[in-house]
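Reading through the C-alpha cells given below for one structure.
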Amino acid sequence: MREKSAICIAGGGSTFTPGIVLMLLENQDRFPISRITLYDNNKERQDKLAEACAIMMKEKAPEIEFNWTTDPVTAFTGIDFVFAHIRVGLYAMRELDEKIPLKYGVVGQETCGPGGMAYGMRSIGPVIEIADYMEKYSPQAWLLNYSNPAAIVAEATRRLRPGKNIINICDMPVGLETTMAAILTQNTGKTYTRKDMDIRYYGLNHFGWWTSIKDKDGNDLMPELKKHIKEYGYAVNTPDFQHKDPSWQETYTKAKDIYALDTNTIPNTYLKYYLYPDYVVKHSDPNYTRANEVMNGREKKVFGQAEAIVKNGTCEGNEFEVGVHASFIVDLACAIKFNTKERMLLIVPNNGSISNFDPTAMVEIPCLVGSEGPEPLAMGEIPTFQRGLMSEQVCVEKLVVEAWIEHSYNKMWQAITLSKTVPSASVAKQILDDLIEANKDFWPELH
Ligand code: NAD
Ligand code: G6P
Ligand code: MN
C-alpha cells in the first residue's frame with residue numbers, strides 16, 4: 001500500500017481546480033490521497049467550485065477528506081504538496097494586460113511581451129507568500145507552481161527563495177506532445193501516446209524547441225512530425241480540450257511559420273509572439289482578446305457546471321473535464337513522492353545544462369525527477385539563432401524581477417524596451433505608464 005499524501009490546491013477558485021481534483025481521484029492507485037484542501041483569497045469564487053467538488057468527492061471518493069478555506073494556517077498545515085495556480089488580479093487584469101499593449105500596436109498576451117511582464121509584477125509577491133506559508137506550516141512539503149507567468153515567477157523564486165522545495169512547471173510542451181502523438185497516430189495508422197516518445201528539448205518557459213523525438217525503440221519520429229508541421233503546423237483533431245478554441249487552433253496552425261525559420265527543430269507555439277508580432281497584432285481584436293474569450297468560454301462553462309452540480313446535489317450528467325495539465329502534475333507529484341525518476345520537462349536553473357548559455361538562467365529542459373527533486377539533463381550547446389533569442393528574453397525576465405525587488409521604474413522600462421515584441425523605448429514608456437496606472441493595487445510603487 002503506497003503512502004498517502006495531503007494536498008493543498010492554492011487558487012482553489014481556478015477554472016482548472018475541478019479538473020485537477022478529478023484527476024487526483026482517478027489516480028488513487030498510483031498516487032493515493034488522504035486529504036485535499038482548497039485555498040484561495042477570494043472566498044466567494046472558491047465557495048462556488050468547492051461546494052461542487054465536495055459533492056463530487058462524496059460521490060466518487062468519500063474516504064478522502066475534503067475541505068476549503070481562506071485561512072493560510074488551515075490550508076498549509078500538515079500537507080505534503082502545494083499545487084499552486086493563482087491568477088493575481090483575475091481575468092479583469094488579464095484583459096488589461098492584453099488590451100493596453102494592443103492600444104500601441106504591440107502584442108497583448110497573458111505571458112508574453114509587456115502584458116506578461118505586468119502579470120509577472122503582480123504574481124511575484126503572492127507566489128512568494130504561498131512559498132512562505134508552506135515553509136512555515138509544512139516545511140517538508142513541495143510547491144509545484146504553475147501560476148503564470150511561470151518564467152518570471154521561476155526567476156523570482158530562484159532569486160528570492162533559492163534552494164527551497166519549489167518546482168515551476170508548464171503544460172504547453174506536454175500539451176503539444178499529446179498533439180504530436182495524435183498527429184503520428186493519424187498519419188501512420190499506429191497508435192501513439194505522449195509517453196511513447198523520448199524527447200530532447202531546450203529553451204525558456206513559453207520559448208523553446210524540440211531537438212529530438214524518438215520512440216522507445218530509438219526510431220526517429222521527427223521526420224514524420226516535420227512533414228505534418230511544415231504543412232499544417234500542429235493542426236490535427238486533438239484530444240486536448242484546453243487548446244480546442246479557435247484562437248488556439250490558429251496558434252497551432254501558425255507553428256508552421258515558426259518551424260520554417262529553423263527546420264532542424266520543432267518549436268513551441270508561444271514563439272509566434274516574438275517571431276511574428278506584426279502578424280499577431282494584425283490578427284488581434286483590441287476590443288475582444290483571449291481574456292474575453294476565456295471569460296465567456298471556460299470560466300462560464302466551469303462555473304455553470306459547478307452551479308448545476310450544487311443545484312442537483314449530484315455530479316451525474318455534469319462531469320468536469322480533465323486536461324493534460326492535470327495529469328502532468330500528478331506525474332510530477334508521484335515522481336517526488338515515490339522516487340520514480342520519471343523524465344519530465346521542468347523550469348530549473350540552467351547551471352551548465354545548456355553549456356553555452358547563462359548558468360543563472362531559469363531554463364525549460366528535461367529532468368529526471370525523484371524524491372530529492374529534479375536532476376536536469378545536459379542539453380549541450382545550442383545554435384546561435386536560439387541563443388540570441390533566449391539571451392534577450394532571459395534578460396527581459398531578469399529585469400522584471402529586478403524591477404520588482406528594487407521597485408525600479410527604469411529596470412521595468414528597460415525590460416519592456418528589450419522585449420522583441422516592442423519597437424522602441426518611447427512605445428515601451430507609454431505602455432509602462434498605462435500599466436502602472438492599471439496595476440496600482442498590485443505592483444510595488446516604482447521610482
Ligand atoms: P482563475 O482566475 O480562474 O483562477 C485563479 C484563482 O487564483 C482565483 O480563484 C483567484 O481568486 C485566486 N487567487 C488570486 N490571487 C491569490 C492569492 N494571492 N492567494 C490565493 N489565491 C489567489 O484562473 P485560471 O485561468 O484558472 O488560471 C489559474 C492560473 O494557472 C493562472 O496563473 C494561469 O496562467 C495558470 N496556468 C498555468 C499553466 C502553465 O502551463 N503553467 C497552465 C494553465 C493555467
Ligand atoms: C497553455 C499555457 C499556459 C496558459 C494556458 C491557458 O497551456 O502553457 O501557460 O495559461 O495555455 O491559456 P488560456 O488562454 O486558455 O487561458
Ligand atoms: Mn505555460
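Start at 1 and go down the list; that is how both ligands and their atoms are numbered. All values below were derived from every heavy atom in this structure, side-chain atoms included, with hydrogens, water molecules and symmetry-related copies excluded.
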Using a strict cut-off of 4.0 Å, indicate which atoms of ligand 1 neighbour a heavy atom of [X].
| X | result |
| --- | --- |
| L90 | 2 (O), 8 (C), 10 (C), 11 (O) |
| C170 | 39 (C), 40 (O), 41 (N) |
| I169 | 41 (N) |
| P126 | 18 (N) |
| T15 | 3 (O), 24 (P), 25 (O), 26 (O) |
| N42 | 11 (O) |

**Message:** Would R87 count as being in polar contact with ligand 2, using the rule that some N or O on each side must be under 3.5 angstrom apart?
**Reply:** no

**Prompt:** With only distance considered, is T111 within less than 3.5 Å of ligand 2 through an N or O on each side?
**Reply:** no

Look at ligand 1 and say whether [X] reaches it with a heavy atom at a distance under 4.0 Å.
| X | answer |
| --- | --- |
| S147 | yes |
| N168 | no |
| R298 | yes |
| E110 | yes |

Side chain, backbone, both or neither: which applies to [X] and ligand 1 if a contact is any heavy-atom pair less than 4.0 Å apart?
| X | answer |
| --- | --- |
| Q46 | neither |
| R87 | both |
| T111 | neither |

In terms of residue, atom name and distance, what is the protein heavy atom nearest to [atom]?
| atom | result |
| --- | --- |
| atom 4 (O) of ligand 1 | S14 CA, 3.0 Å |
| atom 6 (C) of ligand 2 | Q242 NE2, 3.3 Å |
| atom 1 (C) of ligand 2 | H243 NE2, 3.3 Å |

Aromatic ring pairing [X]/[Y], orientation class (parallel under 30°, perpendicular over 60°, tilted between):
| X | Y | result |
| --- | --- | --- |
| F83 | F81 | tilted |
| F66 | W68 | tilted |
| Y232 | H228 | tilted |

Find all atoms of ligand 2 within a distance of less than 4.0 Å from any non-hydrogen atom belonging to [X], and give their numbers and elements.
| X | result |
| --- | --- |
| N148 | 3 (C), 4 (C), 9 (O), 10 (O) |
| R94 | 13 (P), 14 (O), 16 (O) |
| R290 | 13 (P), 14 (O), 15 (O) |
| C170 | 8 (O) |

**Message:** Would D40 count as a polar contact of ligand 1, with the cut-off being nitrogen or oxygen pairs under 3.5 Å?
**Reply:** yes

**Prompt:** Taking both backbone and side-chain atoms of I86, is any N or O found less than 3.5 Å from an N or O belonging to ligand 1?
**Reply:** yes

**Prompt:** Using a distance-only test with no angle check, is there a side-chain donor-acceptor pair under 3.5 angstrom linking N145 and S147?
**Reply:**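 Yes.
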
**Message:** Checking Y133 against F76 for the ring pair (Phe, Tyr, Trp, His ring centres under 6.0 Å) test, could you report, in this order, the C-alpha distance in whole Å, the side-chain angles of both residues, the deciding distance, and whether it holds?
**Reply:** CA-CA 6 Å; Y133 286 144; F76 292 89; 5.4 Å; yes

**Prompt:** Where do S353 and I365 come nearest, in terms of heavy atoms and distance?
**Reply:** CB-CD1, 3.4 Å

**Complete:** Note: S5 and D80 closest approach over all heavy atoms is CA-OD2, 3.2 Å

**Over 12 foreign heavy atoms within 6.0 Å of CD, E307** =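 Not more than 12 within 6.0 Å, no.
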
**Asked** When you look at NZ of K420, are more than 12 heavy atoms from neighbouring residues, nucleotides or ligands closer to it than 6.0 Å?
**Response**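 No.
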
Determine, considering heavy atoms only, which of [options] sits nearest to [atom].
| atom | options | value |
| --- | --- | --- |
| atom 32 (O) of ligand 1 | Y146, Y119, Y39 | Y119 |
| atom 17 (C) of ligand 1 | N41, V174, I9 | N41 |
| atom 25 (O) of ligand 1 | F303, F16, Y91 | Y91 |
| atom 7 (O) of ligand 2 | I169, D245, N268, D171 | D171 |

**Request:** Please confirm whether K230 makes a cation-pi placement over Y259, using NZ or CZ under 6.0 Å from the six-membered ring centre and within 45° of the ring normal.
**Result:** no

**Asked** Counting N and O atoms only, with roles assigned by atom type, does the side chain of N168 sit under 3.5 Å from a partner on the main chain of I347, one being a donor and the other an acceptor?
**Response** no

**Request:** Measure from the side-chain N and O atoms of T253 to the backbone N and O of Q249, and report whether any donor-acceptor pair falls under 3.5 Å.
**Result:** yes

**Message:** If we set the cut-off at 4.0 Å for heavy atoms, which region of W248 has an atom near ligand 2: side chain, backbone, both, or neither?
**Reply:**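 For W248, the contact with ligand 2 is made by the side chain alone.
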
**Prompt:** Between Y91 and ligand 2, which part of the residue brings a heavy atom under 4.0 Å of the ligand: side chain, backbone, both or neither?
**Reply:** neither

**Min heavy-atom dist E293 to ligand 2 below 4.0 Å** =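 No, E293 has no heavy atoms under 4.0 Å from ligand 2.
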
**Request:** Using non-hydrogen atoms of the residue, decide whether Y270 is closer than 4.0 angstrom to ligand 2.
**Result:**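 For ligand 2, residue contact (heavy atoms, under 4.0 Å) with Y270 is present.
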
salt_bridge([X], [Y]) N-O dist < 4.0 Å:
| X | Y | value |
| --- | --- | --- |
| K272 | D257 | no |
| E155 | K398 | yes |
| D97 | R94 | no |
| E406 | K411 | yes |
| E177 | K195 | no |
| K440 | E437 | yes |
| E299 | R45 | yes |

**Message:** What protein N/O/S atoms are there under 2.8 Å from the Mn ion (ligand 3), waters excluded?
**Reply:**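 Listed by chain and number: C170 SG, H206 NE2.
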
**Request:** Report the C-alpha separation of F207 and Y270 in whole Å, then their side-chain angles, then the decisive distance to 0.1 Å, and conclude whether the ring pair (Phe, Tyr, Trp, His ring centres under 6.0 Å) test is met.
**Result:** CA-CA 6 Å; F207 207 100; Y270 275 94; over 10 Å; no

**Asked** Which of these, T289, N292, N287, D434, sits in a side-chain hydrogen bond (donor to acceptor under 3.5 Å, both in side chains) with K99?
**Response** N292

